[in-house]
Amino acid sequence: MAYRNTKRIAINTGGGDAPGLNGVIRAVVLSAYNRGWEVYGIHDGYRGLLDTEEITHLTPALVRDILPLGGTLIGTTNKGNPFEMPVTNAAGEIEVRDISDRIVSNFKALNLNALICVGGDGSLAIGYQLHQKGIPVIGVPKTIDNDLSSTVVTFGFDTAVTTATEALDKLHTTAKAHGRIMVVEVMGRYAGWIALNAGISGAADVILIPEIPYDIDVVCRRLMEGKLQKKDYGIVVVAEGAIPKGGGLSVKGGAVDGRQEVLLGGLGEHVAQQIKERTGNDTRFVVLGHLQRGGSPTTFDRLVATRFGAAAVRAVEEEKFGHMVALDPPTVKYVHLEDALSRMKQVPLDSDTILSARDIGICLGDE
Ligand code: F6P
């Protein structure tokens, strides 16, 4: 490729990690290097731009072997929004301050031409605010939850669903051996994509998702029907953000200590307890938790990550600042960050996946 004007571009990864982040970093570095540009990795989300010692010049040699690796070479965090940063004041009290100017001035001092922000809705929203303050930002969507509306899918989701499906396969054998009901809590926040896709692929009997408030009596009735059909074990997949009819979210911790969102959790244990009490069945629960975020990305996620990273560099070249790359098969398009962040993507209730689940007799907790 012909040598063009040299650029210095920065990349950061923010929010919860997702398998494929390293694939994006590698593709950005290689695509930039092939244009004669330099890439700088900002450590731990936006923190590396507050303390500029946390910046690494990323060379092709540094990223050569990282495509199959989970995690992120440059670290990440889901704490610390620079526009609302909790800081300790002179009186020793915690107060919330906007320290984003420091990021803008450090970015300028480093002579950077663009910032590629790889993140979910929270980190991309911060990226968009920085863009409005003059930093040329390109967004790359990242989430295992699959809850970003403007892209058909992001990297990380396929790996998370694969991990959850493999876990369900294993739980089937032990559930059957003991005649037990296994309740499996999966991630996904306010969207039921992981629960639904893994639940169907892992042959669950019941799947509870945030989009369909559930009735525990309906769930128990269905499990008892299975018993009558001489199937004395069952698999119940519970999305962490599922809610009972007339009830609320199961929350484990608040949005404290600079954490951007509340910490969901506890629903699997609660549902298992209720099933045990109501049916008398031997019931256990498993929380898959961060297993879904770890490990080597699937082939699909490596490919999407690579396409996103390369597309982000093309977006810098085309000066599409304020936009996010998004998968729109057969291509990767650019969507304005404001549009991309305007709504969450939940499972549509009229989707064929929901209809298919019902058709094959999976209980979704409502009927
Ligand atoms: O958004 C990704 C996600 O993994 C959610 O599915 C989950 O609710 C949350 O992050 C967990 O966050 P933490 O890493 O702080 O435990």
So, does [X] use its side chain to make a donor-acceptor pair with the main chain of [Y] at under 3.5 Å?
{"X": "Asp205", "Y": "Gly234", "value": "no"}
{"X": "Glu54", "Y": "Leu49", "value": "no"}
{"X": "Asp215", "Y": "Asp217", "value": "yes"}
{"X": "Thr13", "Y": "Gly75", "value": "yes"}
{"X": "Asn22", "Y": "Leu73", "value": "yes"}
{"X": "Glu240", "Y": "Arg189", "value": "yes"}
{"X": "Lys142", "Y": "Ala305", "value": "no"}
{"X": "Ser342", "Y": "Asp339", "value": "yes"}

Problem set entry | side chain to side chain donor-acceptor pair (under 3.5 Å) pairs, two or more places apart, involving residues 161-177 |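 Listed by first then second residue: nothing to list.
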For this session: Could you walk me through whether Asn146 and Lys345 pass the side chain to side chain donor-acceptor pair (under 3.5 Å) test, one step at a time?
Result: CA-CA 7 Å; Asn146 193 32; Lys345 182 174 71 183; 3.1 Å; yes
Report yes or no: do [X] and [Y] form a side-chain donor-acceptor pair below 3.5 Å?
{"X": "Thr56", "Y": "His43", "result": "yes"}
{"X": "Gln273", "Y": "Glu277", "result": "yes"}
{"X": "Thr159", "Y": "Asp301", "result": "yes"}
{"X": "Ser100", "Y": "Asp98", "result": "yes"}
{"X": "Thr298", "Y": "Asp158", "result": "yes"}

Between [X] and [Y] (salt bridge meaning N to carboxylate O under 4.0 Å), is one present in this structure?
{"X": "Glu38", "Y": "Lys7", "result": "no"}
{"X": "Lys133", "Y": "Asp101", "result": "yes"}
{"X": "Glu225", "Y": "Arg222", "result": "yes"}

Problem set entry | Passing option when Ile354 is tested against Ile212, Ile207, Asp359, Ile200 for side-chain contact (heavy atoms from CB on, under 4.5 Å) |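 For Ile354, the side-chain contact (heavy atoms from CB on, under 4.5 Å) test succeeds with only one of Ile212, Ile207, Asp359, Ile200, which is Ile212.
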Problem set entry | Partner of Phe321 under side-chain contact (heavy atoms from CB on, under 4.5 Å), chosen from Ile138, Val137, Leu337 | Ile138
Exercise. Is the His323-Tyr128 ring centre distance short of 6.0 angstrom?
Worked result: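 When the ring centroids of His323 and Tyr128 are compared, they turn out to be at least 6.0 Å apart.
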For this session: Quick one: sort the His57 and Tyr40 rings into parallel, tilted or perpendicular, breaks at 30° and 60°.
Result: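 Geometry flag for Tyr40 against His57: parallel rings.
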For this session: Specify the closest pair of heavy atoms between Ala164 and Ala198, including all atoms of both residues, with the distance to one decimal.
Result: CB-CB, 3.6 Å
Exercise. Nearest heavy-atom pair of Leu208 and Gly365: which atoms, and what distance?
Worked result: CD2-CA, 3.8 Å
For this session: Go through Arg358 and Asp366 one step at a time and tell me if the salt bridge (Lys or Arg N to Asp or Glu O under 4.0 Å) criterion holds.
Result: CA-CA 11 Å; Arg358 292 195 195 280; Asp366 56 340; 3.0 Å; yes
Problem set entry | Reported CG-to-CZ distance for the pair Leu21 and Arg293, which is rounded to 0.5 angstrom | 10.0 Å
For this session: List the steps, then state whether side chain to side chain contact (heavy atoms under 4.5 Å, CB included) holds for Val39 with Ile116.
Result: CA-CA 10 Å; Val39 179; Ile116 296 178; over 6 Å; no
Exercise. Would Leu115 and Phe107 satisfy side chain to side chain contact (heavy atoms under 4.5 Å, CB included), going step by step from the backbone distance to the final call?
Worked result: CA-CA 9 Å; Leu115 174 62; Phe107 182 87; 3.8 Å; yes
Exercise. Can Gln346 and Tyr190 be said to form a side chain to side chain donor-acceptor pair (under 3.5 Å), step by step?
Worked result: CA-CA 7 Å; Gln346 286 191 302; Tyr190 313 115; over 6 Å; no
For this session: Could you walk me through whether Ser296 and Arg302 pass the side chain to side chain donor-acceptor pair (under 3.5 Å) test, one step at a time?
Result: CA-CA 9 Å; Ser296 186; Arg302 293 180 198 196; 2.9 Å; yes
